[in-house]
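Reading through the structure tokens given below for one structure.
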Number of protein chains: 2
Amino acid sequence: MNACSDMPGNMARKTGSHSEITGPRIRAAALHLFARHGYAAVSMRQIAAEVGVQAGALYLYTPDKQTLLFDLMRGHLEDLLQAWAAEPKGEGPLARLEAFARFHIRFHLDRPDAVFIAYMELRNLEPENFASIEALRKAYEDELETILRDGAASGLMRVPDTKLATLALIAMLTGVGTWYREGGRLSRDRVERIYWNMVRRAVGA
Amino acid sequence: MNACSDMPGNMARKTGSHSEITGPRIRAAALHLFARHGYAAVSMRQIAAEVGVQAGALYLYTPDKQTLLFDLMRGHLEDLLQAWAAEPKGEGPLARLEAFARFHIRFHLDRPDAVFIAYMELRNLEPENFASIEALRKAYEDELETILRDGAASGLMRVPDTKLATLALIAMLTGVGTWYREGGRLSRDRVERIYWNMVRRAVGA
DNA sequence: CCTTGAAATGAACGCTTGTTCAGATATGCC
DNA sequence: GGCATATCTGAACAAGCGTTCATTTCAAGG
């Protein structure tokens, strides 16, 4: 049970003197198992087994199980915000709304496990971790709300309540992950287009 | 309605079989705790403590923890189907769609805990229980899909893919439970109306 | 009064949990 | 070769898990 006759390479100019192979593998295994069975239902021993190490080895990479979950969620939401910031958005509220809808679907279809966890495991976060994650999520929602508010202000959209519309649209778009399966009846592009049409019409544009 | 799968060794109700007080109290406590912390994170001892009995007493009312979860979910979905069947629906696809949207929001706002569980704890069901619950959920989705198909066939709605639209709309409507709080900024009736307008526009009607 | 039987207790079962840590193992550098 | 250091094992810990069951409590019926 070596799993690592392949070298750890030269490491550790940084303080985090841990393997750059095992660390990511632990995160991947935890992501997969948490998404499939839920945080509380997955034991550290199960995660370790999926990676091919003993349970004790996990603690070289994470101080405890709770932090492992928190890091996964924070990593996902930071990726989300960063990817959206880097997304080309076009000009005007309508173009931006389309960019948002398509981006959201694409991003979420690429990471079904992380999306599932970020939504389902909020209740398993300790209070301060929860607050930290909620702030990130709020920042993302604000991106959409700003678009809707601009759209309403300029008369291009009809949304009686931007906050409500924001949450309704995000719920709808995120829901795609609950049923979409790769290689299914509909292509990603077709899904993107159909959803975008529903979003556009829902805001009266 | 929602009867327990297996009432323990006891026949008809002469002097009142099992306590008609404790049974429902267990279900209520389990509903509340499962919704708050998740099935896997809640112990039988915690449920018992909330009811005010010892853990062993729970087994007078349920054969095991899994069945307790299953009964909660089945009861909720059966109530949902029955309530929709009893709902006045009006005539024509558009009236039926409005009835569905408003019914769905109203029903789900009344039972946030049960809704949460029915969606989040699917992965904690053993395979045969899962299949049974999925069938009920599918039956409900079919109600909406039928409306959308009729609406599209009669030219009253524009939905390029009824299956996709069904799932998108249900996700949007169900999402209301994640943010709505009693006594908040918006009245139930206003929420219902805003959502219904978004639904109507989303299907191009 | 006694009998009945359901309702609940409280201790016990075998097992799993997250976490710790001394010791083994492997690798890179001198 | 030998030293240093990063990585991992394997056993151990206390605590908690779902579940069982002999025993107690207690209201009701004859």
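All chains are named by letter (A, B, ...) in the order of the sequence lines, taking the proteins before the strands, and each is independently numbered beginning at 1.
- For A/Arg106 and A/Glu87, the salt-bridge test passes: some basic side-chain N is under 4.0 Å from an acidic carboxylate O.
- B/Ala152 meets the side chain to side chain contact (heavy atoms under 4.5 Å, CB included) test with B/Val159; sequence neighbours excluded.
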Side-chain donor/acceptor pairs under 3.5 Å, residues 71-83 of chain A, sequence neighbours excluded:
residue: A/Asp71; atom: OD1; partner: A/Arg74; partner atom: NH2; Å: 3.3

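- Partners of B/Tyr195 according to the ring pair (Phe, Tyr, Trp, His ring centres under 6.0 Å) rule, which considers only residues two or more places apart in sequence or in another chain, do not exist here.
- B/Asp113 pairs by the side chain to side chain contact (heavy atoms under 4.5 Å, CB included) definition with B/Leu31, B/His32, B/Ala35, not counting sequence neighbours.
- The ring-ring contact (aromatic ring centres under 6.0 Å, His included) contacts involving residues 167-188 of chain B comprise nothing, where partners must be two or more places apart or lie in separate chains.
- Residue order along DNA chain C, read from the 5' end via each residue's closest nucleotide, puts A/Gln46 first among A/Pro63 and A/Gln46.
- One atom, CD of A/Gln66, and another, C1' of C/dT17, lie 16 Å apart when rounded to the nearest Å.
- Between the CZ atom of A/Arg25 and the C1' atom of D/dC8 there is a distance of 13 Å, given to the nearest Å.
- Atoms CE (A/Met44) and P (D/dT9) sit 14 Å apart, rounded to a whole Å.
- Protein atom NZ of B/Lys65 is 4 Å distant from nucleotide atom P of D/dG18, rounded to whole Å.
- At a non-hydrogen distance threshold of 4.0 Å, nothing from residues 121-131 of chain B comes into contact with DNA chain C.
- Legend: residues meeting ring pair (Phe, Tyr, Trp, His ring centres under 6.0 Å) with A/Phe116, ordered by chain and number and at least two apart, are absent.
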Q) Step by step, would you call B/Leu169 with B/Leu148 a side-chain contact (heavy atoms from CB on, under 4.5 Å)? A) CA-CA 11 Å; B/Leu169 293 180; B/Leu148 295 180; 4.2 Å; yes

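- Taken residue by residue, residues 29-43 of chain B places heavy atoms nearer than 4.0 Å to DNA chain D at B/Val42, B/Ser43.
- We find that OH of A/Tyr59 is positioned 4 Å from P of C/dT19, with the value rounded to whole Å.
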Report all interatomic pairs (protein N or O, nucleotide N or O of nucleotides 8-11 of chain C) with separations under 3.5 Å.
residue: C/dA8; atom: OP1; partner: B/Thr22; partner atom: OG1; Å: 3.1
residue: C/dA8; atom: OP2; partner: B/Tyr61; partner atom: OH; Å: 2.7
residue: C/dT9; atom: OP2; partner: B/Gln54; partner atom: N; Å: 2.5

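- The pair A/Arg96-A/Glu91 does not meet the salt-bridge criterion, since no charged nitrogen lies less than 4.0 angstrom from a carboxylate oxygen.
- For the side-chain contact (heavy atoms from CB on, under 4.5 Å) test with A/Leu164, the passing option among A/Thr162, A/Leu167, A/Asp161 is A/Asp161; the others fail.
- Listed by chain and residue number, A/Phe100, A/His104 satisfy the ring pair (Phe, Tyr, Trp, His ring centres under 6.0 Å) test with A/Tyr140 (two or more places apart in sequence, or in another chain).
- Within the helix from C/dC1-D/dG30 to C/dC30-D/dG1, the inter-axis angle between the opening and closing five-pair segments is 10°, rounded to 10°.
- Not counting sequence neighbours, the partners of A/Ser132 by the side chain to side chain contact (heavy atoms under 4.5 Å, CB included) test are A/Phe70.
- Side-chain contact annotation: B/Glu141 with B/Thr166, donor-acceptor N/O pair under 3.5 Å absent.
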